[in-house]
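Comments concern the structure below.
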Amino acid sequence: MTDSYIDPSPANFQAFKDLPRDEPIHMLNLLLYRDLAEYPEGHEHHGNGWSGRRAYEEYGKTSGPIFRRVGGKIVWRGAFQTVVTGPDDMRWHDGFVAQYPNAGAFFEMIKDADYQQAVVNRTAALVDSRLVRFEPGAAGEGFG
């Protein structure tokens, strides 16, 4: 794998910001953890020997109250097993879908000062990730 994505590009973030902010959204998260978390020099967890998964757990613990306060909830979570259709070298450790009442709630979360401190754990934890916005659709018994 040559490309790694931890934070959105300016163009992708602008496209996200240009979409409606007043409707529910689902955010698909795909996570690939580092073997050893990479905290910046001087951070309280730098050199503590945490795995990437452990650093992501810390991110969940520290960002969770903010996520819940803005109305977020996890609507699906799973552990990666194998690729059926897609690149042979594609792999993830975990995936989940976060639901927000609207995009404004997502913006409220990421602008929160406590969240901005918590997100350092996410950055330290991940070697690669994907964050994809979807408009929620109706569940059902068929594919169409």
Side-chain angles (χ1 to χ4, degrees), residues 1-139 143:
M1 176 178 4
T2 58
D3 293 329
S4 179
Y5 302 90
I6 306 300
D7 296 313
S9 70
N12 284 356
F13 195 59
Q14 186 60 52
F16 178 85
K17 293 190 313 188
D18 289 344
L19 290 169
R21 296 188 183 197
D22 59 349
E23 58 191 35
I25 62 172
H26 281 177
M27 299 290 278
L28 170 65
N29 291 254
L30 299 174
L31 310 171
L32 186 63
Y33 304 116
R34 296 178 186 280
D35 290 334
L36 186 63
E38 293 185 8
Y39 282 96
E41 193 79 35
H43 188 274
E44 66 178 312
H45 299 311
H46 177 77
N48 63 7
W50 282 359
S51 67
R53 184 179 297 274
R54 173 61 185 93
Y56 200 85
E57 289 169 0
E58 187 69 12
Y59 167 66
K61 180 176 126 187
T62 56
S63 67
I66 303 145
F67 174 66
R68 290 185 295 277
R69 179 177 47 77
V70 302
K73 66 180 183 176
I74 303 301
V75 296
W76 174 85
R77 179 183 316 273
F80 178 82
Q81 291 185 320
T82 191
V83 173
V84 177
T85 303
D88 293 338
D89 64 347
M90 187 176 90
R91 61 187 176 93
W92 302 103
H93 289 120
D94 291 316
F96 64 91
V97 174
Q99 177 178 288
Y100 296 86
N102 53 56
F106 180 84
F107 287 113
E108 180 182 342
M109 179 184 76
I110 65 173
K111 290 178 183 177
D112 183 281
D114 290 335
Y115 179 84
Q116 291 174 7
Q117 287 185 321
V119 81
V120 173
N121 295 296
R122 180 184 184 279
T123 302
L126 299 174
V127 68
D128 198 11
S129 69
R130 299 295 184 275
L131 182 60
V132 184
R133 177 178 166 166
F134 287 89
E135 177 183 354
F143 294 119

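On a predicted model such as this, the values are computed, not experimentally measured, just so you know.
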Exercise for the section: Start with the C-alpha gap between F67 and Y100, add the side-chain angles, then the distance that decides, and say whether ring-ring contact (aromatic ring centres under 6.0 Å, His included) holds. Expected result: CA-CA 9 Å; F67 174 66; Y100 296 86; 5.4 Å; yes
Handout entry: Derivation of the side-chain contact (heavy atoms from CB on, under 4.5 Å) call for L126 and Y56
Key = CA-CA 8 Å; L126 299 174; Y56 200 85; 4.1 Å; yes
Practice task
Give the C-alpha distance, both sets of side-chain angles, the deciding distance and a yes or no for side-chain contact (heavy atoms from CB on, under 4.5 Å) between N102 and E23.
Solution key: CA-CA 5 Å; N102 53 56; E23 58 191 35; 5.8 Å; no
Practice task
Given side-chain contact (heavy atoms from CB on, under 4.5 Å), test M27 with F96 step by step and report yes or no.
Solution key: CA-CA 8 Å; M27 299 290 278; F96 64 91; over 6 Å; no
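Every side chain to side chain donor-acceptor pair (under 3.5 Å) that H26 has, sequence neighbours left out, goes to Q99.
Side-chain contact check for L28 versus L131: every heavy-atom pair is 4.5 Å or farther apart. Here the side chains of R68 and K73 are not in contact, with every heavy-atom distance at 4.5 Å or above. Using a 4.5 Å heavy-atom cutoff, the side chains of N48 and H46 are not in contact. Residues R69 and E108 are in side-chain contact: their nearest non-hydrogen atoms beyond the backbone lie under 4.5 Å apart. Residues V120 and H43 are in side-chain contact: their nearest non-hydrogen atoms beyond the backbone lie under 4.5 Å apart. A heavy-atom distance below 4.5 Å is found between the side chains of Y5 and D128. Side-chain contact between F134 and V97 is absent, with no heavy-atom pair separated by less than 4.5 Å. A 4.5 Å side-chain heavy-atom check between R34 and V127 finds at least one atom pair inside the cut-off.
Counting all heavy atoms, side chain and backbone alike, P20 lies closest to A103 at O-CB, 3.8 Å. The two residues I110 and Q116 come nearest to each other via the heavy atoms O-NE2, 3.1 Å. Among all heavy-atom pairs drawn from I66 and T62, the shortest one is CD1-O, 3.8 Å. Across every non-hydrogen atom of A125 and A55, the tightest pair is CB-CB, 3.7 Å. When every heavy atom of P136 is checked against every heavy atom of P24, the shortest pair comes out as CD-O, 3.2 Å. The minimum heavy-atom distance linking M109 with Y115 is given by the pair O-CB, 3.1 Å.
One finds the CD atom of E38 at 11.0 Å from the OG1 atom of T123 (value rounded to the nearest 0.5 Å). To the nearest 0.5 Å, atoms CZ (R77) and CG (D94) are separated by 8.0 Å. Separating the CG atom in D18 from the CD atom in Q14 is a distance of 4.5 Å, to the nearest 0.5 Å. Taking OG of S63 as the start and CD of E58 as the end, the distance is 10.0 Å to the nearest 0.5 Å. Once rounded to the nearest 0.5 Å, the distance linking CD1 of I6 with OG of S129 reads 4.5 Å. To the nearest 0.5 angstrom, N12 atom CG is 11.5 Å from D7 atom CG.
Within the cation-pi definition used here (under 6.0 Å to the ring centroid, within 45° of the axis), R91 does not qualify as a partner of F80. In this structure, R133 is positioned above the aromatic face of F16, its NZ or CZ under 6.0 Å from the six-membered ring centre and within 45° of the axis.
Note on ring orientation: taking the six-membered ring where Trp is involved, the planes of W50 and Y39 are perpendicular (angle over 60°, cut-offs 30° and 60°).
Classification of K61 and E57 as a salt-bridged pair fails, no side-chain N sitting under 4.0 Å from a carboxylate O.
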